[in-house]
There are 2 protein chains.
Amino acid sequence: MNPKKQQILSAAYELFINKGYNSSSIQDILDEANVSKGTFYNYFGSKAECLMAIMESIGSEIRQQRMAAAVGMPPNNPDVLAEQLYIRIKLNLEKNLFSLYESIFYSQDPELKSFSIKQYSLEMEWISSRIVDVFGKEAAPYALENAAFVHGYVQQLIHLWRLLSTEEVPAAKLSSFVIRRLQATIALQIAAKDTFIGNMKLPLTTSADSISIEELAPMLELYAAKLKNQKNTQQLVHFLSAELAEESPRKALVESVLTTLANDKQIESELSIMIEQVWKHLGDLT
Amino acid sequence: MNPKKQQILSAAYELFINKGYNSSSIQDILDEANVSKGTFYNYFGSKAECLMAIMESIGSEIRQQRMAAAVGMPPNNPDVLAEQLYIRIKLNLEKNLFSLYESIFYSQDPELKSFSIKQYSLEMEWISSRIVDVFGKEAAPYALENAAFVHGYVQQLIHLWRLLSTEEVPAAKLSSFVIRRLQATIALQIAAKDTFIGNMKLPLTTSADSISIEELAPMLELYAAKLKNQKNTQQLVHFLSAELAEESPRKALVESVLTTLANDKQIESELSIMIEQVWKHLGDLT
DNA sequence: CTCACCTTTATACCGTTAGTCTATTAACAT
DNA sequence: ATGTTAATAGACTAACGGTATAAAGGTGAG
């Protein structure tokens, strides 16, 4: 990544999480980054675009850490889900992201709005699929609304905690509490067959989930070709692409490479999404 | 209320719920209300103050309707709670309030921030006390976190529904669903003695709850004196104040007056809070 | 070295914003 | 009728996001 761009991003990041998005002016960013207005608009079409770039990078950080937490663990282990939930809570708290999320959530800017809808849908989708992993197929009709349950409960409890106490939010305790409540309530809900959302699906479900291994290989290859300054990552992605293109990719090798990639903090959003996709297909390999 | 002020308020209200708070400029309000800038700043110190006045009036509308729904019903009836929850959902949906709430929730303006914290705390406190009404004393240690559960779940399900469907959110179905889930989960939680918040209390609990009947009577009298253009309301409030100042206020009469007041849509925030306080003490009378 | 090309800088500018200030008008008591 | 006070209109300011442009700086090819 271009150093000037990086400079702008980290200055903006610092300002956004400290002063909030709306209260940080572009001039503030320029002063903080020691960069002129022309440079800023050379890299970002607008202030909103700059915010989205920051959100993307945080999203990929969360994806990476969540994959790293799941490596080598059975997918139906609720403690892994709690750990993965904890990762988002921890990052949100550390980086003060709540104000950022809300700035864009109810923004009038249509670009920001659709961006936030996409981010939100991805998270709901992710929690849903993990709920099915943990609680089995019979939980599927209730997965989406329980994803909303988890997400909303976490959010509210953090907010409540901050009103009640000056101490730091106990993220680990919070995450395991909510997962315990989820376990309790979802069992009852399945038994009672009580549902609000019913069998409706999020719009992106069908499209995003249907990326096959056959499609992933060339996408990865294309991405690898663009990597210039990260030789190590390039080698790994290139190998992964080639291996997935084979008749029967070797599971152990793919998993090993994925593990390494999942622990790489430099990885950008686009790649981390593809890695996650490969990860989901790991069970199909031998 | 001054007609110009009312004119500004309803214009601002219309704009805020249609275009959102941040996207509605003061100039828009002035044009819509056919009023000049000087007039606006004569009545409101800032745009934020105008928003808060609107939120106050909505808050009192909700309080009024909730009281009206509870009149003559046993407080431990979960259907009443569902109905009261439905009232907020319905009003929020009708008046498109979500964007308003969120504009102020994560606002940088310290005045707006503390205002929203107060509003939020009041709602949590209210749900908590209703949970104790319905589920009994043994639910008390879990009431606050389950208020967060209810609030967060409703919010998320509305958001999710809107992503999934173009149809209107089925508010009544949503409210009864969430109350059913609450019933299921809170029983298990009490049995498991599993808590996150513990016995922490909201800061305002002690102060707001401790207003006694002895204190309420003169407060009401003071308010009645200020009422000029609403003779009927003035008579009722005046009588209420006098009755509460008696040795043993007559329950049936107090309840009757409260019922009438609860169904009056003109009542302002300050009074509706006091009426709610009296309502809470109704059980102590004979 | 020169030239062409791209990035970066600095700054002037635009329309719009929230909020201030002042001159004028309207209301009303004396 | 007159003096005082509150309500009103609208010009004005500073800051905002974003655009435009001209000058300065750096780099690689010929």
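We name chains A, B, ... by the order of the sequence lines, and we start the count at 1 in each one. Heavy atoms only: backbone and side chains are in, while hydrogens, waters and symmetry mates are out.
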- Spell out, as yes or no, whether a donor-acceptor pair under 3.5 Å connects the side chain of B:D31 to the backbone of B:D28. no

- Tell me what B:S24 touches on the nucleic acid: a base, only sugar-phosphate, or nothing, going by heavy atoms under 4.0 Å. sugar-phosphate

- Query: From the list D:dG18, D:dC16, C:dG19, which nucleotide is the closest neighbour of the side chain of B:K47?
  - Reply: C:dG19

- Item | Whole-Å distance separating the NZ atom of B:K5 from the P atom of D:dA6 | 16 Å

- Whole angstrom is fine here: how far is it from CD1 in A:I26 over to C1' in D:dA15? 13 Å

- Query: In a check of side-chain contact (heavy atoms from CB on, under 4.5 Å) between B:Y101 and each of B:Q119, B:Q155, B:M55, which one passes?
  - Reply: B:M55

- Which whole-number value in Å describes the distance from B:L51 CG to C:dA18 C1'? 15 Å

- Decide whether B:H151 and B:E123 meet the rule of one side-chain donor and one side-chain acceptor closer than 3.5 Å. no

Collect all protein-nucleotide pairs involving nucleotides 4-11 of chain C in which both atoms are nitrogen or oxygen and the distance is under 3.5 Å.
from, atom 1, to, atom 2, distance (Å)
C:dT8, OP1, A:Y43, OH, 3.2
C:dT8, OP2, A:N42, ND2, 3.3
C:dT8, OP2, A:Y43, OH, 2.7
C:dT9, OP1, A:K4, NZ, 2.9
C:dT9, OP2, A:T39, OG1, 2.5

- Quick one: A:Q27 CD to D:dG17 P, roughly how many Å, whole number? 9 Å

- How about A:R63 and A:S269: does a side-chain donor come under 3.5 Å of a side-chain acceptor? yes

- Note on the structure: With A:V169 as partner, the option from A:L93, A:N92, A:L157 fulfilling side-chain contact (heavy atoms from CB on, under 4.5 Å) is A:L93

- Taking the side chain as every heavy atom from C-beta outward, state whether B:Q156 and A:Y120 have any pair of such atoms under 4.5 Å apart. yes

- Rounded to the nearest angstrom, tell me the gap between atom CZ in B:F44 and atom C1' in C:dA18. 16 Å

- Task: Would you mind reading off the distance between A:Y41 atom OH and D:dG17 atom P, rounded to a whole angstrom?
- Result: 7 Å

- Message: Nearest whole Å is fine: how far is C:dT20 P from B:E49 CD?
- Response: 11 Å

- How many Å lie between CG on A:L30 and C1' on D:dC16, as a whole number? 12 Å

